[in-house]
Colleague: 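This is the structure, below, for whatever I ask next.
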Amino acid sequence: NQIKGLTTAAGLWTAAGVGLAIGVGFYEAALAGGFAVFFVMTMLQKMDNRMHRKAKVLEVYVELEKNAADKAAAEAVEDKISAIGTVTMDSKAAIDEARAAYEELSDTQKNLVSNYQLLSQAEAAYAELVKTAADKAAAKVVDDKINAIGTVTLYSEKKIVEAREA
């Protein structure tokens with residue numbers, strides 16, 4: 001986020017102006033412009049260097065503030081991930097909230113999240129719980145159909161076929 005090459009660009013434009021002044025025969029302006037450029041490029045360079053030395057303290061401070069903001073954002077997401085706790089069927093909202101908060105982070109902030117693996121594990125555990133619940137529900141349907149058969153008689157064929165198809 002630094003501007004570089006500004007002095008070079010200004011020097012080129014000034015050289016073009018001095019050259020144009022010489023080209024049209026305005027020698028006094030070209031001479032005055034040449035001296036002004038020499039003064040700015042050499043004498044004021046010391047002042048520019050001094051300003052840069054002092055500005056570095058400010059740059060470090062700004063960078064630290066930016067890093068602190070990134071760290072705070074990452075810590076907020078870490079707190080949401082930690083709040084998931086033991087994964088149950090009621091954990092979906094907490095998992096989704098933590099995932100949404102993580103996805104809103106910048107790449108730099110994502111790299112600062114130290115417990116991201118817990119979020120991935122929680123998502124996998126929740127998916128497994130949902131699958132297990134679906135399997136149990138399907139097994140219950142089959143059990144109910146088998147129990148509906150009751151005592152097997154000659155007239156139980158339809159119920160047996162339904163149980164097999166389930």
Colleague: According to a hydrophobic-cluster definition based on side-chain heavy atoms being under 4.5 Å apart (Ile, Leu, Val, Met, Phe, Trp, Tyr only), do Leu119 and Met89 belong together?
Modeller: yes

Colleague: Considering non-hydrogen atoms only, spot the tightest contact between Ser91 and Thr86 and give its length.
Modeller: OG-O, 3.6 Å

Colleague: Restricting to pairs with a member in residues 107-124, which pass salt bridge (Lys or Arg N to Asp or Glu O under 4.0 Å), not counting sequence neighbours?
Modeller: Arg99-Glu123, Glu103-Lys110

Colleague: Answer yes if Tyr27 and Val24 sit in the same cluster of Ile, Leu, Val, Met, Phe, Trp and Tyr residues linked by side chain heavy atoms under 4.5 Å apart, and no otherwise.
Modeller: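 No; Val24 is not reachable from Tyr27 via cluster members.
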
Colleague: Rounded to the nearest 0.5 Å, how far does CG of Leu118 lie from CD1 of Ile81?
Modeller: 7.0 Å

Colleague: Do you know the tightest heavy-atom contact between Ile22 and Ala30?
Modeller: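 Scanning both residues, the minimum pair turns out to be CG1-CB, 3.4 Å.
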
Colleague: About how many Å separate CG of Asn115 and CD of Gln117, when rounded to the nearest 0.5 Å?
Modeller: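 The distance works out to 10.0 Å.
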
Colleague: Indicate yes or no: at least one non-hydrogen side-chain atom of Leu105 is less than 4.5 angstrom from one of Val77.
Modeller: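 Contact flag for Leu105/Val77 side chains = yes.
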
Colleague: Check ring pair (Phe, Tyr, Trp, His ring centres under 6.0 Å) between Tyr116 and all other residues, then give those that pass, not counting sequence neighbours.
Modeller: Tyr102

Colleague: Quick one: which residue pairs count as a side-chain hydrogen bond (donor to acceptor under 3.5 Å, both in side chains) with a foot in residues 71-81, not counting sequence neighbours?
Modeller: Glu78-Ser114, Lys80-Glu97

Colleague: Tell me, do Gln109 and Val113 make a side-chain contact under 4.5 Å, heavy atoms counted?
Modeller: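 Counting from C-beta outward, Gln109 and Val113 never come under 4.5 Å.
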
Colleague: Under 4.5 Å between any side-chain heavy atoms of Thr132 and Val130, yes or no?
Modeller: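 No. Closest side-chain heavy atoms not under 4.5 Å.
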
Colleague: At what distance, to the nearest 0.5 angstrom, does CH2 of Trp13 lie from OG1 of Thr8?
Modeller: 14.5 Å

Colleague: Can you tell me how far CG of Asp70 sits from CG of Leu112, rounded to the nearest 0.5 angstrom?
Modeller: 6.0 Å

